[in-house]
Every structure is written in structure tokens, then in C-alpha cells.
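See below for the structure under consideration.
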Amino acid sequence: MKIILVGFGAIGKGVAKVLHEKRDYLKKNYGDFKVVAITDSSGSAIDENGLDLIKAIEVKETTGSIKNYPEKGSKMKSIDVIREVKADVVVEITPSNLETGEPAKTHILESFRNKKHVVTANKGPLALCYKELVEEAKKHGVMFRHEASVGGAMPIINLAKETLAGNEILSIRGILNGTTNYILTKMEKEGLDFETALKEAKELGIAETDPTQDIEGLDTAAKIVILANSIMGLEKTIKDVKVKGITKITPEALFLANKRGYTIKLIGQIKENHLIVEPMLVPIDSPLNVKGTLNVAMFETDLAREVVVVGRGAGPIETASAILSDLIHIYTTINTKQKIK
Ligand SMILES: NC(=O)C1=CN([C@@H]2O[C@H](COP(=O)(O)OP(=O)(O)OC[C@H]3O[C@@H](n4cnc5c(N)ncnc54)[C@H](O)[C@@H]3O)[C@@H](O)[C@H]2O)C=CC1
Ligand SMILES: N[C@@H](CC=O)C(=O)O
Ligand code: NA
């Protein structure tokens, strides 16, 4: 299967690392997963025989741009690579823009129009125009998967669509942002100040390109809109969410909460058609009291009753896990269909 990586930052490099490290496993159990093009904000590298992913990571880390890849680098823009390079799947992992959804929205739509399946971790277009994207993918007969867009490695979207298929999801409540959970945990457990904890989160590659999306609660808001639209059959946008972030939470507030048997968590909640994101008091012994970059989601369903999932909500390798599972789904679907023909 031929893959184009659009975006080569923390997640793009994570996906490249995982595809390299898992290449023998993938060949043995599925087939050849080949990255034939990589793009970033200033150019691209293209090799129809497959790029050397370790070399690509090294070029990006030492020069800042993939266009410096020896012999295969160029200034070719993402949109032209999507149109002109022969591939099965585009992995869209540019920054999430929660105002316009661009450039990802155009990348995704253009991929569909060029008969390319799409896997994305990008929350922008999903939170702003989910229905349009799903309808366009259907119109062009291609697959569109985005497990990594909510909760990173934590199984939630495909879990709801596949394992909980047939259930009506009545409500979802949880921690859906790893950066703010990391900050709150560091402040609570080590008394670290907010700015230092945020700096560490950036260094771990878990914060958004614009980290205010994390700390102001907008990233969580985008995620509950994606969940509302993709697995609860609602039609919401980010404007429907009442949002408050964690910038006013201090180590002292956490200390006082602990003294009373509580902690403070940034909770996203969808219940009775209302979407809310705000810091909430959570009992110390609650299943919601997870630490570090962990995310947690509590589903209320009509058949399976309560379902709780926990997983790493952010991180290059963790997020690459969700992207890889979507790539494997596309690979197996393509090859099953070919066998049936
Ligand atoms: N960091 C994490 O743990 C997670 C991130 N995500 C999402 O994954 C996406 C990527 O996140 P990161 O890699 O952390 O961001 P990043 O800021 O590290 O990397 C973004 C990449 O996109 C490239 N880029 C910007 N404009 C572009 C364009 N027009 N064409 C091609 N490339 C372009 C940049 O050059 C950079 O390589 C974001 O949408 C983010 O919300 C989702 C889950 C977890
Ligand atoms: N910045 C986000 C990345 C995953 O969506 C987070 O911290 O959860
Ligand atoms: Na996920």
C-alpha cells in the first residue's frame, strides 16, 4: 500500500518511526506499507519506490524541512503532491486550525477527489465540517478514518462504531486532552508551576502547534464535537460548546481539592444535547482520576450500559498507534474487496 504523509512534525515523524520499526511485522501479517511522499510547510520528498523513513526523520530534524531530502526533495506543495503522486492513502497530520480547518480541509477533500483514502489526526475539519467530509468520501467511494483525532491511542471512535455498534450512546464524559492532564498532574503531584509544566508538555510533542488550544479547552471542545457528530448522530459545531480552560488552576487549588478528597480535571461532556468543557472537581477514587497524558472516556449506552476506556491521549508514538490501526483497516478492506472480485 502506497502512503503519502502530509505534515511531518511530531506526529508525522512518529508515524514514520512506527512504519519503519513495524515494517517486518506489517509485511508478514499484511503487506508492504510504503511511504512514497512526505510533505511539510516548505516542500516535499517523493520516491515511488518508497522513501527511507529514518533518513527522512534525520533530514527534518537536522535541516527543518523535508525538501532537503537528498535527490528526492523539492519545493512541491502538499496539494500538488496529493494530486500528482500515485498512492492509496493520504495521512493528513498538519496543525489543527479550529477557525478554518485549513489547510487540512482542502487536503482531505482533494484526496477524496483523487480517489485517495484518508487517515487523519487533525481535529480542525472534523470539528467544523464533519458531515461534508463524510459525504464527499462516500461520493468518491473512498474510506475516511480518524481514530487518532480523539484521545490519541485511546480507542474511542472505532470502538463506538465497531465494537459498540447497535448501541445508542446516551452520554460521554471524560478527559480528552493529554497536555492539560499532564499539566494538572505535574502541578498536583510535584507542585510544578503551570508554565514549566506546559514547557515540558511541548518538549514531549503532545501540545498543539498552538498550545492555547490545549489550555483554553478548545482542543477538548473540538473533540467532543467530533464525538457528538461521528458516534452520537448529532450535528454540532465548536460554537455549540460552552468552554472554559485550566489557565486559572493553581497548585494551591489542587492542594485544597486534595484535602477534601477531590482532584481537578478538565472534563469534556456530551449529555442531553449539551456540550461542555470545564475544569471540574473529581473524587480521588473516581475512574476519571487518571494521571499524566492519559485520557479517559465514560460512555453511557442503552445496551452495554456503562463503558469506560483509558489510554494515552497524546504523544507521537501513541498517536501513530491509532493512525497505524486505521491504515491496517484500509489495507485489509482494499485487499478483501480485491479477493472477492
Ligand atoms: N501531538 C499529539 O500528541 C497529537 C496531535 N494530533 C494532531 O496531529 C496533527 C499534527 O500534530 P503535531 O505533529 O503535533 O504538530 P506539529 O506542529 O509538530 O507538526 C505539524 C506539521 O505540519 C506541517 N505543515 C504545516 N502546514 C503544512 C502544509 N500546508 N502542508 C504540509 N505540511 C504542513 C509542519 O511543517 C509540521 O511538519 C495536528 O492536527 C494535531 O492536532 C492528534 C493527536 C495527538
Ligand atoms: N494536544 C492534544 C494532542 C492530542 O489530541 C492533547 O494534548 O491531547
Ligand atoms: Na483515539
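Numbers here are sequence positions counted from 1. Read the numbers this way: they start at 1 and go in the same order the structure lists the ligands and their atoms.
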Which protein non-hydrogen atom lies closest to [atom], naming both residue and atom, and how far is it?
atom	result
atom 2 (C) of ligand 2	E208 OE2, 3.2 Å
atom 1 (N) of ligand 1	G205 O, 2.9 Å
atom 7 (O) of ligand 2	T179 OG1, 2.6 Å
atom 25 (C) of ligand 1	P95 CD, 3.5 Å
atom 36 (C) of ligand 1	G9 N, 3.8 Å
atom 10 (C) of ligand 1	I93 O, 3.3 Å
atom 38 (C) of ligand 1	T94 O, 3.2 Å
atom 16 (P) of ligand 1	T209 OG1, 3.8 Å

**Sub-4.0 Å heavy-atom contact, E318 with ligand 1** = no
**Prompt:** If you measure from each heavy atom of P103 to ligand 1, is any distance below 4.0 Å?
**Reply:** yes
**Request:** Check for a donor-acceptor pair, side chain of D52 on one end and backbone N or O of I54 on the other, with a separation under 3.5 Å.
**Result:** yes
**Prompt:** For K2, does its backbone N or O pair with a side-chain atom of D88 as donor and acceptor, under 3.5 Å?
**Reply:** yes
Just which atoms of ligand 1 are under 4.0 Å from any heavy atom in [X]?
X	value
S96	38 (C), 39 (O), 40 (C), 41 (O)
A314	3 (O)
K60	35 (O), 37 (O)
E208	40 (C), 41 (O)

Atoms of ligand 2, numbered as shown, that sit under 4.0 Å from any heavy atom of [X]:
X	answer
G178	6 (C), 7 (O), 8 (O)
K123	3 (C), 4 (C), 5 (O)
N177	2 (C), 6 (C), 7 (O), 8 (O)
I206	1 (N), 2 (C), 3 (C), 6 (C), 7 (O)

Under 4.0 Å between a Lys/Arg side-chain N and an Asp/Glu carboxylate O for [X] and [Y]?
X	Y	answer
E195	K199	no
D24	K27	no
E110	K77	no
E48	K34	no

Given [options], which has its nearest heavy atom closest to [atom]?
atom	options	value
atom 12 (P) of ligand 1	N97, I66, I11	I11
atom 14 (O) of ligand 1	A201, G152, A10	A10
atom 32 (N) of ligand 1	I79, D40, V6	D40
atom 1 (N) of ligand 2	D214, I215, L176, I183	D214
atom 34 (C) of ligand 1	S41, G178, A104, P316	S41

**Message:** Are any of the N/O atoms on A148, whether in the backbone or the side chain, positioned under 3.5 angstrom from an N/O atom of ligand 1?
**Reply:** no
**Prompt:** Can you check whether A207 has an N/O within less than 3.5 Å of an N/O in ligand 1?
**Reply:** no
**Prompt:** Using heavy atoms and a threshold below 4.0 Å, how should the contact between Q213 and ligand 2 be classified: side chain, backbone, both, or neither?
**Reply:** neither
**Request:** Could you tell me whether D219 approaches ligand 2 through its side chain, its backbone, both or neither, with non-hydrogen atoms closer than 4.0 Å?
**Result:** side chain
**Request:** Identify which one of T120, V90, I82 satisfies the side-chain contact (heavy atoms from CB on, under 4.5 Å) criterion when paired with H107.
**Result:** I82
Under a 4.0 Å heavy-atom limit, does [X] contact ligand 1 with its side chain, its backbone, both, or neither?
X	answer
T319	side chain
S78	side chain
A121	both
K77	neither

**Item:** Pairwise side-chain contact, L19 with L26, heavy-atom cut-off 4.5 Å (strictly under)
**Value:** yes
**Prompt:** N/O to N/O below 3.5 Å, does that happen between A314 and ligand 2?
**Reply:** no
**Message:** If only side-chain N and O atoms count, and only distance matters, is there a donor-acceptor pair under 3.5 Å linking K271 with N273?
**Reply:** no
